[in-house]
Amino acid sequence: MTVREYTPLVDDICSRIASRNEVERLLDYLLGFAGNDKILLLYRRVCRHYFQIYPDSIAWYIMEYRNEYDRESLIGTEYEYLLHEDEEDYDENESDTD
């Protein structure tokens, strides 16, 4: 059902040059469902369409996707530290409860 809802939105936003805020809002919604392969295709389509227009924003959304859904792709890269952020947050919470 989500794919049917988001496909027309992606078609529309990729048929024109939307504002950065509009693109980011759509990517925020899609990111929540990007574990679904069909939604991931929509997410990637928006990222590809807008990468040259809003490179900083799109790079951030790509990293968010990787950090959330494809963590193994970060191993051996300069972004490997992102894999350990959750552990650091957990350690901080543990020390707060002691």
Under 3.5 Å, which donor-acceptor pairs do the side chains of residues 33-40 form with other protein atoms, sequence neighbours left out?
| unit_1 | atom_1 | unit_2 | atom_2 | d |
| --- | --- | --- | --- | --- |
| Asn36 | OD1 | Lys38 | N | 2.7 |
| Asn36 | OD1 | Ile39 | N | 3.2 |

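- To the nearest 0.5 Å, atom CD of residue Glu64 and atom OH of residue Tyr69 are 10.5 Å apart.
- If you take OG1 on Thr7 and CG on Leu42, they are separated by 4.5 Å, rounding to the nearest 0.5 Å.
- Contact of the Cys14 side chain with the Val46 side chain is registered, since non-hydrogen atoms from C-beta on lie closer than 4.5 Å.
- Put simply, CD1 on Ile17 and OH on Tyr50 are 5.0 Å apart, with the number rounded to the nearest 0.5 Å.
- Considering CG of Asp56 and OH of Tyr61, their distance stands at 12.5 Å, rounded to 0.5 Å.
- Shown here is Tyr54, whose OH atom has more than 12 heavy atoms of other residues, nucleotides or ligands within 6.0 Å.
- At a threshold of 4.5 Å between non-hydrogen side-chain atoms, the residues Ile58 and Ile53 do not count as touching.
- A distance-only check finds no donor-acceptor pair linking the side chain of Tyr6 to the backbone of Tyr43 [under 3.5 Å].
- The side-chain contact (heavy atoms from CB on, under 4.5 Å) check on Leu41 picks up nothing, with sequence neighbours excluded.
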Ser57 vs Val23, test: side-chain contact (heavy atoms from CB on, under 4.5 Å). Steps then yes/no. CA-CA 9 Å; Ser57 292; Val23 172; over 6 Å; no
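- Between Tyr65 and Ile62, every side-chain heavy-atom pair lies at or beyond the 4.5 Å cut-off.
- Among residue pairs with one or both ends in residues 10-29, those qualifying as salt bridge (Lys or Arg N to Asp or Glu O under 4.0 Å) are Asp11-Arg45, Asp12-Arg16, Arg16-Glu22; sequence neighbours excluded.
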